[in-house]
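Numbered from 1 within each chain, the chains take letters A, B, ... in sequence-line order. Since the structure is predicted, the reported quantities are computational estimates derived from the model, not experimental observations.
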Amino acid sequence: MPLKEVAKFSVSQLQVLDEHGQLDEKLDPRLSAADAVRLYEAMALGREVDQRLVRLQRQGRMGTCPTCTGHEAAVCAPALAMTERDWFVGYYREIGARLMRGDSLAQSLRYWHGYEEGNLQPQPGRTLPVTAIVGAQVLHAVGIAYAMKYRRETDSAVVTFFGDGATSQGDVHEAMNFAAVWQVPVVFICVNNQWAISQPREQQTRSETIAQKAIAYGFEGLQVDGNDPLGMYLATDRALRRAREGGGPTLIEALTYRLLMHTTADDPRRYRSDAEVERWWKRDPVPRMRRYLEGRALWGEAQQQALQERMRQQLDAAVAEAELREDWRPDLLFDHVFGAPDPELEAQRQTFLAALPAATAVDAHGA
Amino acid sequence: MPLKEVAKFSVSQLQVLDEHGQLDEKLDPRLSAADAVRLYEAMALGREVDQRLVRLQRQGRMGTCPTCTGHEAAVCAPALAMTERDWFVGYYREIGARLMRGDSLAQSLRYWHGYEEGNLQPQPGRTLPVTAIVGAQVLHAVGIAYAMKYRRETDSAVVTFFGDGATSQGDVHEAMNFAAVWQVPVVFICVNNQWAISQPREQQTRSETIAQKAIAYGFEGLQVDGNDPLGMYLATDRALRRAREGGGPTLIEALTYRLLMHTTADDPRRYRSDAEVERWWKRDPVPRMRRYLEGRALWGEAQQQALQERMRQQLDAAVAEAELREDWRPDLLFDHVFGAPDPELEAQRQTFLAALPAATAVDAHGA
Amino acid sequence: MAPKLTMVEAINLALRQEMERDDQVVLLGEDIGVNEGVFRVTAGLHKTFGAERVIDTPLAESGIVGTAIGMALAGLRPVAEIQFAGFVFLGFGQLEGHAARYRSRTLGQWTVPLVLRMPYGAGVRAHEHHSESREATLAGVPGLKVVIPSGPRSARALLAAAIRDPDPVIFMEPTQLYRAFREEVPEEPELGVIGRAHVERTGSDLTLVSWGAMMLPSRRAADALARDQGVQVELIDVQSVAPLDAATILESVSRTGRCVIVQEAARSFSLASEIVARINDQVLLQLEAPVQRVTGYDVVTPFFQRERLYMPNEARIIAAVGQALAD
Amino acid sequence: MAPKLTMVEAINLALRQEMERDDQVVLLGEDIGVNEGVFRVTAGLHKTFGAERVIDTPLAESGIVGTAIGMALAGLRPVAEIQFAGFVFLGFGQLEGHAARYRSRTLGQWTVPLVLRMPYGAGVRAHEHHSESREATLAGVPGLKVVIPSGPRSARALLAAAIRDPDPVIFMEPTQLYRAFREEVPEEPELGVIGRAHVERTGSDLTLVSWGAMMLPSRRAADALARDQGVQVELIDVQSVAPLDAATILESVSRTGRCVIVQEAARSFSLASEIVARINDQVLLQLEAPVQRVTGYDVVTPFFQRERLYMPNEARIIAAVGQALAD
Ligand SMILES: Cc1ncc(C[n+]2csc(CCOP(=O)(O)OP(=O)(O)O)c2C)c(N)n1
Ligand SMILES: Cc1ncc(C[n+]2csc(CCOP(=O)(O)OP(=O)(O)O)c2C)c(N)n1
Ligand SMILES: [Mg+2]
Ligand SMILES: [Mg+2]
């Protein structure tokens with residue numbers, strides 16, 4: 001065996017609905033009319049929320065927040081493929097999908113406006129809150145998947161989202177390796193939007209694709225057009241089925257693009273060209289999905305008008321609700337350091353409350 | 001592009017001198033007689049030191065220490081391929097190679113016997129000390145390689161060693177990714193000895209080979225018979241040349257086996273079969289290299305006898321030197337927390353020295 | 001009579017009984033299964049409960065902590081082992097950023113009831129990185145509990161309590177005590193109380209505070225002081241570094257007016273410093289002499305040849321008590 | 001007259017001048033090159049010195065710290081940036097296990113002269129994980145130096161000193177001060193002294209100790225106390241958390257007999273606690289009242305809506321001074 005080949009691998013790319021609205025019939029997941037409309041509406045709502053968040057932030061009514069424009073297919077189609085029994089373990093750029101999972105829009109607005117209260121979701125069920133530490137949640141996903149396997153919850157798998165930048169983190173590596181060794185039901189979705197703040201994808205890693213990173217762990221990786229809602233649905237659905245059947249993890253690389261700034265504090269023109277951004281606007285997933293619905297005669301201008309109006313109302317109501325501070329209690333955090341009260345913390349709470357009038361004055365001044 | 005293949009990869013395995021002493025002429029690196037003998041002697045010395053360390057430990061004259069038996073080809077052949085200008089960044093299982101690099105045997109014995117003094121090497125040059133935190137040193141290697149590239153030291157590259165278990169660590173992942181992105185001159189040698197203490201290779205990671213992990217970073221990985229000194233030499237030499245020429249990193253997976261216990265505190269019969277160990281003894285690299293020398297008429301029983309005698313003397317002298325405590329100064333560590341004295345530490349030193357008589361009594365009692 | 005167990009056996013008993021009681025308790029770590037742990041703490045458990053509940057993980061500490069967090073979020077009760085405390089800092093990001101915060105940031109909607117066990121401390125002639133005492137680094141993260149037993153019985157009771165605790169608990173096991181002595185440990189489950197110190201010996205002359213392996217020389221010093229000098233110290237075993245039971249310590253100091261704190265850890269930024277600060281806050285005016293801290297030094301933890309020289313011992317404790325009484 | 005710079009500009013000046021002085025100084029971090037840092041601290045440097053010396057790294061903090069250690073071992077002078085201090089714990093294993101130890105474990109044969117810069121602290125309405133003050137966690141590792149400036153001029157001088165220092169220096173930059181005020185910073189290089197506190201204002205009634213962003217309310221409180229109550233506090237800027245210049249603080253306390261310490265960090269296991277312990281050790285008998293600690297609370301750092309409520313402010317400081325004077 002002087003110099004012999006011992007292993008061979010390949011990486012494939014999936015696209016079902018291309019940027020011209022052309023559908024690959026053989027791969028068509030044949031969404032029901034209801035699902036197809038639901039998916040489009042979720043994508044449209046995600047887009048709408050994004051624009052409102054930016055506007056609110058510019059008006060000083062919102063904290064620094066990330067944008068999701070461009071990611072709608074990559075995150076909403078997987079959410080459609082998931083059931084309530086599946087776990088959603090995301091990062092910070094999936095607003096549309098989180099709303100599909102039952103998160104409250106008003107609460108999400110509160111979260112980004114710097115209130116812990118915003119993390120209280122009406123029925124958190126199996127949707128974890130936003131995480132800000134890049135990559136960390138991917139390990140949590142694998143631990144949850146272990147619990148599902150351990151409990152024989154064969155109707156449940158875990159879908160976890162992270163960015164192209166996150167693939168550099170040790171935690172993401174450790175997570176994929178643990179998942180493979182344990183053969184647990186988890187789907188890794190890398191939302192490869194070509195940038196990690198100002199770091200372009202090619203300088204994040206030298207691999208030709210992100211999908212091929214799965215080879216390092218011995219499971220399948222697939223590259224998907226992340227702006228293709230049907231492709232993302234199909235890939236996630238297949239991976240989820242495999243996971244639930246005991247086939248272990250899959251890595252899906254969703255090739256997409258962050259069309260706006262990293263967060264409202266970022267100015268992308270510092271590091272990327274308008275031409276590049278323009279090219280990607282042509283591949284925008286939201287109109288692509290709309291054209292698909294129109295092709296199936298499920299959508300038209302009237303529906304669009306109605307949807308716009310519904311979204312506007314929904315957003316106005318959510319903003320109003322989010323801006324209520326009825327439940328505001330300054331010392332809330334002292335309640336939740338531990339599951340039971342601690343004397344030292346209670347003493348500190350008294351100090352805190354005694355100092356509050358002066359602190360509130362400073363706050364008004366400083367804010 | 002519905003479902004199209006976008007990337008293809010393969011992994012090869014290299015062997016030059018097989019377990020029956022059969023040489024692949026086409027791949028023969030044609031070592032000079034002097035180099036061939038030097039390599040064998042280093043391997044033999046590594047083996048000898050290992051056995052002595054275990055004996056000393058059993059006699060209570062040595063701390064807990066790892067064994068290197070079986071790894072001689074995997075570590076000494078790369079050391080032969082390296083020049084003084086190259087950096088050696090190892091872990092804890094390369095004693096034979098470290099001695100080739102100029103480390104003092106007596107100092108190494110001191111190190112394993114719990115003396116900081118043992119880390120003082122006569123000419124540390126470009127050989128970093130032993131590291132115990134699994135995987136951490138691999139990042140240091142990449143930083144050093146960056147420095148070499150930055151300084152245009154084109155005659156210098158870095159070779160770093162780590163185990164199969166270490167591949168699970170986030171640090172090793174981050175290191176390989178940084179190295180690829182930076183295209184720095186570093187050779188990653190994974191000494192895959194099939195075990196990480198009691199964890200077998202297949203439960204460490206599900207990938208078919210360790211070599212294929214390089215695919216995740218976009219550089220070449222190669223599997224080498226790690227018990228084949230010529231194969232290891234050839235692979236390292238090629239990778240070093242490529243590195244020095246600006247071709248970036250390479251991953252070499254050295255397929256070998258830890259023939260003895262993990263450390264003197266370990267009992268491998270708790271977790272692996274004698275039969276498996278037996279099979280690997282048949283592939284022992286040291287006799288393989290000897291047969292190769294004999295085939296080239298460079299070695300015989302007389303040389304072997306002389307070598308044994310030299311090694312015995314060298315070891316006896318080193319043990320005697322290591323056991324001298326002439327330079328022993330209890331408060332040594334206070335000197336080296338920082339590069340300049342600090343008043344608080346100096347005050348603490350006085351407390352320490354004042355308490356020393358009583359502490360020494362305890363020590364005699366407790367040790 | 002209850003059997004006499006070493007601390008290793010007592011910890012093993014707690015693990016076994018908690019696993020029998022609750023099938024959501026799973027163990028994970030490096031070499032804890034087939035090999036039964038490098039200190040044999042998990043002896044027999046892999047055989048009894050199988051590989052699914054006693055999980056040999058890949059070699060990655062952040063992975064161990066991070067997946068344990070996920071397990072806990074999903075309702076399991078993971079008891080993870082870090083092979084030596086020196087390696088826990090590879091998982092510190094997960095502890096600080098996630099285990100410690102989930103309850104607080106979600107106002108109790110999500111919680112992380114995990115236990116992270118780890119041998120720690122010097123005194124067993126181990127290799128570098130295997131002998132640190134960094135309890136303060138962990139206890140300094142709000143949201144983490146840190147518990148340190150000082151003998152077989154407290155180890156068993158506190159570990160059982162940690163496993164049933166609704167919050168993340170770091171359970172630090174002094175290697176020096178693993179087989180240092182045996183103690184009767186009742187077969188029926190005992191539950192310690194996290195957040196409570198233990199007054200091991202009452203006395204009115206001085207309050208002696210310690211924890212973990214340093215309880216050994218502290219006990220010997222207390223005996224010797226009583227025997228040789230008629231000095232009656234009140235000996236307090238801290239047990240719970242976070243939350244800290246300051247009340248018990250302060251009450252004692254307010255009576256005795258004098259205090260010596262003995263810790264293995266380096267001197268600065270330590271639990272001893274924190275206790276002094278609490279004394280300052282609340283009982284300074286009852287203090288008759290400066291608090292004496294008998295501690296490790298602010299140096300990198302020495303290799304094993306020097307470790308005993310750097311660790312507090314009976315003589316240093318007795319000298320500090322003498323100083324506190326003389327001041 | 002020297003130009004008036006913000007702290008961001010002053011740090012930038014130090015980086016530029018040190019890079020001009022020594023071509024072995026290289027910068028690395030996330031988004032520090034083309035983007036010039038999320039706070040623009042590295043403005044212009046990528047343009048001037050190129051991508052080889054101002055390195056945009058992949059997104060991995062342990063990777064940043066670990067490769068910087070390698071660079072330093074090889075003789076470069078890396079100045080690494082952690083984008084926010086909340087992420088440094090992903091690299092804590094490298095700091096604790098390697099940066100802090102190389103000198104000691106090799107008795108000086110190998111050293112790690114790196115600087116790790118990081119914005120930290122609350123007050124700029126940032127997202128979670130972006131507002132912690134954990135200087136004590138880092139300073140508690142023997143072998144690491146930790147420096148915190150309180151204004152543009154000290155930031156520039158201390159950073160230059162850190163870059164020339166032979167040991168690993170953690171340089172913590174209070175985000176709240178980045179653009180809070182301008183100060184004259186001379187063009188010609190100034191070198192701060194690591195390990196030395198700065199007596200910013202002398203006074204004989206009470207010693208007020210603080211550092212970082214908390215120097216702002218401390219200064220205001222000192223002004224107000226002098227103006228409104230005729231109380232003269234001696235105001236000390238700690239600057240160097242490790243090594244700590246205890247002598248300067250203790251000398252002052254021994255004169256004033258009273259001390260208030262103001263920190264943003266949580267109360268327990270903190271630098272404030274450590275300073276109290278040092279006071280206990282050496283000047284307890286000169287103390288006329290308990291030391292007052294005005295601190296953050298032992299809770300998970302709040303999201304930004306509550307951050308100002310949790311941070312010390314002028315009113316709390318003045319109240320604590322009043323208490324210390326009354327006791
Ligand atoms: C551990 C950590 N390091 C750095 C950051 C700062 N940061 C926030 S998002 C981001 C880029 C993430 O890029 P990517 O993973 O590609 O996700 P994207 O934002 O592009 O969706 C960085 C560097 C962080 N939040 N956490
Ligand atoms: C970070 C860290 N975790 C755990 C350990 C304990 N430990 C020491 S060696 C070892 C196994 C290493 O296996 P591998 O990388 O395959 O190297 P080998 O010892 O087989 O040569 C373990 C778990 C350690 N030293 N460092
Ligand atoms: Mg991205
Ligand atoms: Mg191995």
Engaged part of [X] at the chain C interface, taking heavy atoms whose separation is under 4.5 Å:
{"X": "D:Ser62", "value": "neither"}
{"X": "D:Phe303", "value": "side chain"}
{"X": "D:Val283", "value": "neither"}

> Checking C:Ala289 against chain D: side chain, backbone, both or neither under 4.5 Å from a heavy atom?
Replying inline: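 For C:Ala289, the contact with chain D is made by the backbone alone.
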
>> So, using side chain to side chain contact (heavy atoms under 4.5 Å, CB included) as the criterion, who are the partners of C:Asp281 when residues are at least two apart?
In response: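 C:Asp281 satisfies side chain to side chain contact (heavy atoms under 4.5 Å, CB included) with D:Arg267, D:Arg293 only.
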
>> Regarding D:Ser268 and C:Arg278, do their side chains bring together a donor and an acceptor under 3.5 Å, going by distance alone?
In response: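 Present: a donor and an acceptor within the cut-off.
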
> Picking from D:Glu128, D:Glu96, D:Gln292, D:Glu132, which has the most non-hydrogen pairs under 4.5 angstrom with chain C?
Replying inline: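 Highest number of heavy-atom pairs under 4.5 Å: D:Glu96.
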
> In terms of heavy-atom pairs under 4.5 Å with chain C, which of D:Asp298, D:Val291, D:Val299 leads?
Replying inline: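 Heavy-atom pair counts peak at D:Val291.
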
>> One pair to check against side chain to side chain contact (heavy atoms under 4.5 Å, CB included): D:Leu284 and C:Leu287. What are the steps and the verdict?
In response: CA-CA 10 Å; D:Leu284 187 76; C:Leu287 209 55; 4.1 Å; yes

>> Counting only non-hydrogen atoms closer than 4.5 Å, can you tell me which residues of residues 134-142 of chain D sit against chain C?
In response: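 At a heavy-atom separation under 4.5 Å, chain C is reached by D:Arg134, D:Ala136, D:Thr137, D:Ala139, D:Gly140, D:Val141, D:Pro142.
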
>> Does anything in residues 243-265 of chain D reach chain C? List residues with heavy atoms under 4.5 Å apart, or say none.
In response: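 Interface residues of residues 243-265 of chain D: none, nothing closer than 4.5 Å to chain C.
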
> Of all residues at least two apart in sequence or in a different chain, which pass the salt bridge (Lys or Arg N to Asp or Glu O under 4.0 Å) check with D:Arg103?
Replying inline: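 Salt bridge (Lys or Arg N to Asp or Glu O under 4.0 Å) check on D:Arg103 returns D:Asp167.
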
Contact summary for [X] and [Y], nearest pair of heavy atoms:
{"X": "D:Pro290", "Y": "C:Asn280", "value": "CB-O, 3.4 Å"}
{"X": "D:His129", "Y": "C:Gly97", "value": "CE1-O, 3.2 Å"}
{"X": "D:Glu274", "Y": "C:Phe269", "value": "OE1-N, 2.6 Å"}

>> Quick check on the interface: out of C:Ile279, C:Leu271, C:Ile275, C:Thr301, who has the most heavy-atom pairs with chain D under 4.5 Å?
In response: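 Answer, by heavy-atom pair count under 4.5 Å with chain D: C:Leu271.
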
>> Heavy-atom pairs under 4.5 Å with chain D: which of C:Pro302, C:Ala100, C:Ala277 has the most?
In response: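 Heavy-atom pairs under 4.5 Å are most numerous for C:Ala277.
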
